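See below for the structure under consideration.
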Amino acid sequence: MSEDMRTFDVGFDDDGIRLDRWFKRHQPDTSFTTVAMWARTGQLRVDGARATPGDRIAAGQSIRMPPPEPVRADAPKKREHPELSPEQTKFIQELVIHRDAQAIVLNKPPGLATQGGTKTFEHVDALLDGVQFDGESRPKLVHRLDKDTSGVLLIARTTRAAGYFAKAFSSRSAKKIYWALVVGVPSIEDGTIDLPIGKQPGSGGEKMHVDEAEGSPARTRYRVIEMAGNNTAWVELIPHTGRTHQLRVHMAAIGHPIVGDGKYGGQAAFLTGGISRKMHLHARRLRIDHPDGGEIDIQAELPTHFAESLKHLGFDEMLGNMMPLDTPPPPSKAVKKQQAKQHAKNVRKDRKGERRNRGGEAAAARPGAKTPVGAKPKPKPKLKAPGAKPGPKPRPRTQG
């Protein structure tokens, strides 16, 4: 292959999508016709193997493709991202809560999409020129938040950092913690939801649901921080996988939808009594290794509507900050199942040993039975002749 071939790593948020969809997201100037031609001629490769536009890709895989077609000298130059206004630049810079040579962290407000899509023109990706600062290249997204989810959003400032962070997310070494208000109070205060998730048929891929048959594995840990009677709970959510809308689908599946999430909770997700109708899901904290050593451990302040709801319900924000970060999660279904199998196996083994012991004792008691190997024979009783008088009792010995 040519030395000019380009290589890209599949990021955490692209796990499971089709290859043609990846091109739409990351190489919008490359037409489907070109991608199909590369596939037919063997120039499009995923982890070194030939690929087709309809193939599913996984986080951490490597996509190799030819260089872009040369642009004619007389062709008008096309700017990939429109120039930002001073107001847009100021807006995106005010969201920055951390900045170093490799990374920028934003506190994304609710209502702002991470990337563009159908009829979505205002999004973080379109504003990243405003946070290039003194960097040599345009910052790059490495993960996403839903449009109505607020909180920590990590941006890579270099290509090396983008690859490093993408691998951290795909390998699950990055730790993300969310805060949410949910309807009702879970009966188990510290639990794990282990339910596969897939696209809901008929929704055009815009809505997910629990799909035991064909869904992708998804696992979420939740911990109740505080509760307001039986009506509302403030919970901490820790995703162990990164499926689309995972936290929202999982909480709705156990009967406790996130407050304000009408998409998955319906009308029941909206509380009365002055609680905002906006979604109450916030990416509170991110801890991830840094490409230059050490780690980034950053927290994002709550949006106004969420903070006001906590105050209205009488919740103390400090209680959320006091939750221990590294306590082990409850065992998964698979682990519990394996533990149960091992326990049953040990019980059967013990019972088998008891039956063997009882069988050995019974056999030894039968007339003419042989003494088992290694066992000491019982002493035979001494017999006396009939009518014999008992002998004199032995005198006890004394020590002088």
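Bear in mind that the values here come from a model prediction, so they are computed numbers and not experimental data.
- Partner Ile63 forms a side chain to side chain contact (heavy atoms under 4.5 Å, CB included) with one of Asp47, Asp14, Val10, Asp9 and no other, that one being Val10.
- By the 30° and 60° cut-offs, the orientation of the rings of Trp38 relative to Phe23 is tilted.
- Under the 4.5 Å side-chain criterion, counting only non-hydrogen atoms from C-beta, Gln43 is not in contact with Met65.
- Using a 4.5 Å cut-off on side-chain heavy atoms (C-beta onward), Val142 and Tyr164 make no contact.
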Q) Passes side chain to side chain contact (heavy atoms under 4.5 Å, CB included), Lys108 versus Leu95? Steps please. A) CA-CA 7 Å; Lys108 188 188 84 64; Leu95 302 182; 5.7 Å; no
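- Side-chain N or O atoms of His312 include one that pairs as donor or acceptor with a backbone N or O of Gly273 at under 3.5 Å.
- Put simply, the residue from Thr159, Asp125, Ile155 that forms a side chain to side chain contact (heavy atoms under 4.5 Å, CB included) with Lys140 is Thr159.
- Under the 3.5 Å distance criterion, with hydrogens and angles disregarded, no donor-acceptor pair is assigned to the side chains of Glu308 and Ser276.
- The shortest side-chain heavy-atom distance between Leu313 and Ile275 falls under the 4.5 Å cut-off.
- Across every non-hydrogen atom of Glu83 and Gln88, the tightest pair is O-OE1, 4.4 Å.
- Applying side chain to side chain contact (heavy atoms under 4.5 Å, CB included) to Leu181 and the options Ile258, Leu310, Leu281 leaves one that passes, Leu310.
- Aromatic rings from Phe8 and His26 are positioned such that their centres are separated by 6.0 Å or more.
- Of all heavy-atom pairs between Phe91 and Leu112, the closest is CE2-CD2, 4.0 Å.
- Considering only heavy atoms from C-beta on, Leu271 stays 4.5 Å or farther from Asn231 through its side chain.
- The distance from the CG atom of Asp15 to the CD atom of Gln61 is 8.5 Å, given to the nearest 0.5 Å.
- Here Glu136 contributes atom CD and Arg157 contributes atom CZ; the two are 10.0 Å apart, rounded to the nearest 0.5 Å.
- Side chains of Asn321 and Arg285: no donor on one and acceptor on the other come within 3.5 Å.
- Side-chain atoms of Pro66 and Arg6, non-hydrogen and from C-beta on, never get closer than 4.5 Å to each other.
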Q: Start with the C-alpha distance between Arg45 and Thr7, add both sets of side-chain angles, then the distance that settles side chain to side chain contact (heavy atoms under 4.5 Å, CB included), and finish with yes or no.
A: CA-CA 9 Å; Arg45 303 265 174 164; Thr7 302; over 6 Å; no
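- At least one donor-acceptor pair closer than 3.5 Å links the side chain of Asp211 to the backbone N or O of Glu214.
- Pairing each heavy atom of Ile298 with each of Val105, the nearest pair is CG2-CG1, 3.9 Å.
- Other residues, nucleotides and ligands contribute more than 12 heavy atoms inside 6.0 Å of the CD atom of Glu295.
- For the atom pair Thr192 OG1 and Tyr222 OH, the distance stands at 8.0 Å (nearest 0.5 Å).
- Residue Leu319 places its CG atom among more than 12 non-hydrogen atoms of other residues, nucleotides or ligands, all under 6.0 Å distant.
- The heavy-atom pair separating Ser309 from His280 by the smallest distance is OG-NE2, 2.8 Å.
- Inter-residue side-chain proximity for Leu154 and His98 is flagged as unmet; no heavy-atom pair is nearer than 4.5 Å.
- Applying the side chain to side chain contact (heavy atoms under 4.5 Å, CB included) test between Met279 and each of Lys263, Lys147, Arg248 identifies Arg248 as the sole match.
- Heavy-atom neighbours of Gln115 CD from other residues, nucleotides or ligands within 6.0 Å: above the threshold of 12.
- Expressed to the nearest 0.5 Å, how far CD1 of Ile177 lies from CZ of Arg223 amounts to 7.0 Å.
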**Q.** side chain to side chain contact (heavy atoms under 4.5 Å, CB included) assessment of Val131 paired with Gln93
**A.** CA-CA 6 Å; Val131 289; Gln93 290 185 357; 4.2 Å; yes
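- Val182 and Val185 end up in the same hydrophobic cluster when Ile, Leu, Val, Met, Phe, Trp and Tyr side chains are linked at under 4.5 Å.
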Q: Go through Thr244 and Ile197 one step at a time and tell me if the side chain to side chain contact (heavy atoms under 4.5 Å, CB included) criterion holds.
A: CA-CA 8 Å; Thr244 302; Ile197 293 175; over 6 Å; no
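- Separation of atoms CG (Asp55) and CG (Asp20) is listed at 9.5 Å; rounding is to 0.5 Å.
- Residues Asp289 and Phe165 approach most closely at O-CE2, 3.6 Å, considering heavy atoms.
- A donor-acceptor pair is defined here as one N or O able to donate and one able to accept, closer than 3.5 Å; such a pair exists between the side chain of Thr89 and the backbone of Ser85.
- The closest side-chain heavy-atom distance from Ser137 to Gln132 is not below 4.5 Å.
- With a 6.0 Å radius and a threshold of 12 heavy atoms from other residues, nucleotides or ligands, Lys167 has its NZ atom at or below the threshold.
- Atom CG of Asn230 has 12 or fewer heavy atoms from other residues, nucleotides or ligands within 6.0 Å.
- Side-chain contact between Thr220 and Leu247: present, with at least one pair of heavy atoms (C-beta onward) separated by less than 4.5 Å.
- The shortest heavy-atom contact between Arg172 and Thr241 is NE-CA, 4.0 Å.
- No donor-acceptor pair under 3.5 Å is formed between the side chain of Arg64 and the backbone N or O of Ala49.
- Hydrophobic clustering of Ile, Leu, Val, Met, Phe, Trp and Tyr side chains at less than 4.5 Å, counting indirect connections, keeps Met37 apart from Phe32.
- Both Leu19 and Ile17 are part of a single hydrophobic cluster, where members link through side-chain heavy atoms under 4.5 Å apart.
- Taking the ring axis of Phe306 as reference, the NZ or CZ atom of Lys278 does not stay both within 45° of it and closer than 6.0 Å to the ring centre.
- Of the inter-residue distances, the one linking Leu106 atom CG with Arg99 atom CZ reads 12.0 Å to the nearest 0.5 angstrom.
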